[in-house]
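Note that this is a predicted model, so its numbers are computed, not measured.
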Amino acid sequence: MDIIKVEVLLSAIELGSMSKAAEIYSYTPSAVTHIVDAIESEIGVKIIKRTHMGIEVQRGREDIIDRLKLLVSTKNDIMEMAAAKTKTHKITIATYASLSKYVLPKIVIDFKRQFPDADINIIVDDNLQSVYEKGSADILFGEKIENDNIIWEELMLDPYVAVFPKTQAFSDKAVSREKLYTKTFIMAKDRKISDYISEEKIDDIIKIDSHDDSSVIQMVKEGMGVTILSSLAVNSNQGVAMAKLNPGLSRVLGLMYGKKHLADKDYARKFVDYIRRYDMKGKFCGDIA
């Protein structure tokens, strides 16, 4: 029995009019009449009668109508249960641009090998605090934000490195800030870098008002100057060289999520459990000169 046709029949009975039911379902009145006739033919009894006021249930057929209502209700319950289970397969992860390019893809690919029905959405935003406040993501992947309701799990240390054209390589394995001050310095939009570098000591500086590290890397490739970026941001990029910093600079990356927020997110919990066991060491950071 076609449940949609049963819904049309019940609507006509409730409204007392086949024409009104036709309007709701965008059918013609004759189509609704055909649906009603088909259902009555299928079950073998007449269940409605036409009157000058419209239509009504035949006497003694109320129990059949009750069963038809139960049929529709059961269908709706099944659809709601299926939708709820489908939702638990969805994971929304918010992270930085650099992590979305060079770290998260490998993790997501490996995760989906184990859980192929996982539906993963990625939000790229350097302001994870704002993403959390909006409730847009199940999981945040980046530097820790201060919030008593967030659980923080440290995953990895991401060292910052000096980045320069391969034609302008430094002789030292670890580059000092003083050496960087002698070059044209391309300043990326990163609080850690701006705190590390004394701008007044730089003779020539180019400031980039963007969180897109790829544009900074391209400028370095073209020989416009040198910069400092996290090692993950320059991973897999050709045409530039890297060196450790002296003194060193790094950032701590990890997972953040609200415990209550994951309570009904089955696959989000699976992702958290998976990434806890994921070996981060040496998988993403490029070779440093």
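With rounding to the nearest 0.5 Å, the separation of CD1 in Ile205 from NZ in Lys183 is 16.0 Å. Annotation: the span from Ile139 atom CD1 to Ile275 atom CD1 amounts to 7.5 Å, rounded to 0.5 Å. Separation of atoms CD1 (Ile35) and CD (Glu40) is listed at 12.5 Å; rounding is to 0.5 Å. To the nearest 0.5 Å, atoms CG (Asp190) and CG (Leu229) are separated by 8.0 Å. Distance check, rounded to the nearest 0.5 Å: CG of Leu71 to CD1 of Ile65 gives 11.5 Å. With values rounded to the nearest 0.5 angstrom, Lys69 atom NZ is found 13.0 Å from Glu7 atom CD.
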Evaluation steps, side chain to side chain contact (heavy atoms under 4.5 Å, CB included), between Val272 and Glu153:
CA-CA 10 Å; Val272 169; Glu153 296 191 20; 4.2 Å; yes
Where do Asp158 and Ser231 land on the side chain to side chain donor-acceptor pair (under 3.5 Å) test, with the steps shown first?
CA-CA 6 Å; Asp158 180 22; Ser231 59; 2.7 Å; yes
With side chain to side chain contact (heavy atoms under 4.5 Å, CB included) as the criterion, how do Ile228 and Val161 come out once you've worked through the C-alpha distance, each side chain's angles and the decisive distance to 0.1 Å?
CA-CA 6 Å; Ile228 293 175; Val161 293; over 6 Å; no
Going through the checks in order, is the side chain to side chain contact (heavy atoms under 4.5 Å, CB included) test met by Val57 and Ile47?
CA-CA 6 Å; Val57 178; Ile47 54 179; 5.7 Å; no
Working note: Tyr160 + Tyr196, criterion ring pair (Phe, Tyr, Trp, His ring centres under 6.0 Å); need CA distance, chi angles, decisive distance, verdict.
CA-CA 10 Å; Tyr160 282 76; Tyr196 183 84; 8.2 Å; no
Report the C-alpha distance between Val220 and Val226 in whole Å, list the side-chain angles of each, state the deciding distance to 0.1 Å, and finish with yes or no for side chain to side chain contact (heavy atoms under 4.5 Å, CB included).
CA-CA 6 Å; Val220 174; Val226 301; 5.9 Å; no
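Under 4.0 Å is where a charged nitrogen must lie from a carboxylate oxygen, and between Asp266 and Arg269 at least one such pair does. Between Arg67 and Asp63 there is no salt bridge, since no side-chain nitrogen of the basic residue lies less than 4.0 Å from a carboxylate oxygen of the acidic one. In summary, Asp117 and Lys270 do not engage in a salt bridge, as defined by a charged side-chain N under 4.0 Å from a carboxylate O. The residues Glu143 and Lys192 are annotated as salt-bridged, a charged nitrogen and a carboxylate oxygen being separated by less than 4.0 angstrom.
The aromatic rings of Phe271 and Tyr274 sit tilted relative to each other, their planes meeting at an angle between 30° and 60°.
Between Leu245 and Leu249 the shortest heavy-atom distance is CD1-CB, 4.1 Å. Residues Gly142 and Leu99 share a closest heavy-atom pair of CA-CD1, 4.2 Å. Residues Pro165 and Gly223 come closest through the heavy atom pair CG-CA, 3.9 Å. Across every non-hydrogen atom of Ala243 and Val175, the tightest pair is CB-CG2, 3.6 Å. The heavy-atom pair separating Met256 from Lys144 by the smallest distance is SD-CA, 3.7 Å. Ala268 and Asp138 make their closest contact through CB-CB, 4.2 Å (heavy atoms, listed as atom of the first residue, atom of the second, distance).
Between Tyr181 and Phe185, the distance separating the two ring centers is not shorter than 6.0 angstrom. For an aromatic pair to be called close, the ring centres must be under 6.0 Å apart, and Phe115 with Tyr267 satisfies this.
Side chain to side chain, Asn246 and Ser176 fail the donor-acceptor criterion of an N or O pair below 3.5 Å. Under the 3.5 Å distance criterion, with hydrogens and angles disregarded, a donor-acceptor pair is assigned to the side chains of Ser230 and Arg251. Residues Ser130 and Asp125 have side chains that never bring a donor and an acceptor to within less than 3.5 angstrom of each other.
Distance alone, capped at 3.5 Å, is enough to place a donor-acceptor pair between the Thr28 side chain and the Ala31 backbone. Under a 3.5 Å cut-off, the side chain of Ser100 and the backbone N or O of Ala97 do form a donor-acceptor pair.
The environment of CD in Glu133 is crowded: more than 12 heavy-atom neighbours from other residues, nucleotides or ligands sit within 6.0 Å. Heavy atoms of other residues, nucleotides or ligands lying less than 6.0 angstrom from NZ of Lys75 number more than 12. Under a cut-off of 6.0 angstrom, the local environment of CZ in Arg276 is crowded, with over 12 non-hydrogen atoms contributed by other residues, nucleotides or ligands. The environment of Lys112 atom NZ is dense: over 12 non-hydrogen atoms of other residues, nucleotides or ligands sit within 6.0 angstrom.
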